[in-house]
Amino acid sequence: LLGRIFLDRKMWDQSIECYLNAEKYGGNGAAVMYALGVAYANRGEERVSDTDFAKAEEYYRKSLDKKPGYDDALYGLGLLMYYHRDGRDEGLKLVTELALKNPAYYSARFAMARLNYENGDLQRSLQIYQQLQQDLDRLPDSAAINEYRKQCSDNIARVTTELTIR
């Protein structure tokens, strides 16, 4: 519980310490491993630390060993591999796998579109955003869904413009 509070407050060192203590005393389930992955990844981002990124990868993988298919761990590992671990292909594969397995995991679908965009596959990126937009339009209004719709619409406009210029 304390580790989660520190994680929510972006107090990475304290969160890591709490979760490492939990692990030491037998609290080594998938959620603890995932939380350590998140804390190390975020601390690595702040400190630009490859050591922390390596630890984040280790803990995301441990989480997935304990609970294969754990959506949040797949998502975290996918982004970590793509952006910080010289694993762009693996990162895209993990995020794509998650988005196809769980289409309601909208962050993964946005990430899949973004990673395709960053790989230069603008047409694929546009297709993903357009399908996501159609799916979002079927959902009832809420603040989160409306924000997703806006982001999707903005991304479709940007990618369409870039494809037109090419």
Side-chain angles (χ1 to χ4, degrees), residues 1-121 124-125 127-129 131-132 135-136 139 142-145 147-148 151-152 155:
L1 181 61
L2 190 55
R4 182 78 223 172
I5 292 169
F6 287 135
L7 199 61
D8 290 343
R9 293 183 180 172
K10 302 178 190 230
M11 299 169 73
W12 314 127
D13 293 335
Q14 296 88 337
S15 181
I16 290 167
E17 182 181 345
C18 284
Y19 281 116
L20 287 175
N21 281 332
E23 180 186 24
K24 183 169 46 172
Y25 294 108
N28 61 355
V32 169
M33 300 298 107
Y34 167 73
L36 278 162
V38 170
Y40 276 114
N42 281 291
R43 190 173 80 175
E45 184 79 31
E46 280 185 2
R47 296 181 180 177
V48 190
S49 167
D50 195 51
T51 301
D52 281 343
F53 291 140
K55 291 298 260 182
E57 179 183 354
E58 173 188 338
Y59 281 105
Y60 282 138
R61 290 190 190 281
K62 283 183 178 182
S63 178
L64 288 165
D65 286 345
K66 293 182 178 298
K67 186 178 175 184
Y70 185 4
D71 289 353
D72 293 336
L74 278 171
Y75 182 72
L77 180 61
L79 294 181
L80 178 77
M81 297 306 294
Y82 190 89
Y83 288 111
H84 300 293
R85 299 294 294 155
D86 288 332
R88 290 174 70 102
D89 290 341
E90 181 184 2
L92 178 57
K93 179 179 175 261
L94 290 168
V95 169
T96 300
E97 173 187 316
L98 173 57
L100 295 175
K101 177 184 85 151
N102 184 356
Y105 201 118
Y106 299 116
S107 296
R109 292 175 68 187
F110 273 104
M112 181 174 63
R114 179 68 190 188
L115 299 184
N116 276 282
Y117 174 85
E118 290 185 18
N119 278 350
D121 193 346
R124 178 73 180 125
S125 176
Q127 290 169 346
I128 294 165
Y129 283 128
Q131 181 60 57
L132 179 55
D135 292 347
L136 292 169
L139 298 174
S142 74
I145 295 300
E147 180 58 29
Y148 282 152
Q151 289 175 14
C152 213
N155 287 324

*Going from CG on Leu64 to CG on Leu74, what distance comes out if it is rounded to the nearest 0.5 angstrom?*
5.0 Å
_Reported OH-to-CD distance for the pair Tyr82 and Glu118, which is rounded to 0.5 angstrom_ = 4.5 Å
_Asn119 and Arg88, any side-chain heavy atoms less than 4.5 Å apart_ = yes
*Verdict with reasoning, His84 to Glu45, per side-chain hydrogen bond (donor to acceptor under 3.5 Å, both in side chains)*: CA-CA 9 Å; His84 300 293; Glu45 184 79 31; 2.8 Å; yes
*Greater than 12 external heavy atoms within 6.0 Å of Asp89's CG*: no
*Evaluate side-chain hydrogen bond (donor to acceptor under 3.5 Å, both in side chains) for Gln151 paired with Tyr106, printing each intermediate quantity in order.*
CA-CA 11 Å; Gln151 289 175 14; Tyr106 299 116; over 6 Å; no
*With a 4.5 Å heavy-atom cut-off, do Asn102 and Tyr75 have their side chains touching?*
no
*Verdict with reasoning, Asp135 to Tyr148, per side-chain hydrogen bond (donor to acceptor under 3.5 Å, both in side chains)*: CA-CA 11 Å; Asp135 292 347; Tyr148 282 152; over 6 Å; no
*Would one find more than 12 heavy atoms of other residues, nucleotides or ligands at under 6.0 Å from atom CD of Gln14?*
yes
_Using side-chain heavy atoms (C-beta onward) and a distance below 4.5 Å, is Trp12 in contact with Phe6?_
no
_Given 3.5 Å as the limit, does a donor-acceptor pair link the side chain of Arg109 with the main chain of Pro103, or not?_
yes
_Please give me the minimum heavy-atom distance between Ala111 and Val95, naming the atom from each residue._
CB-CG1, 3.7 Å
*So, the side chain of Lys101 versus the backbone of Gly69: is there a donor-acceptor pair under 3.5 Å, distance only?*
yes
_Taking side-chain contact (heavy atoms from CB on, under 4.5 Å) as the criterion, tell me which of Asp8, Leu2, Leu7 meets it with Ser15._
Leu7
_Donor-acceptor contact below 3.5 Å, side chain Tyr19 vs main chain Arg4_ = yes
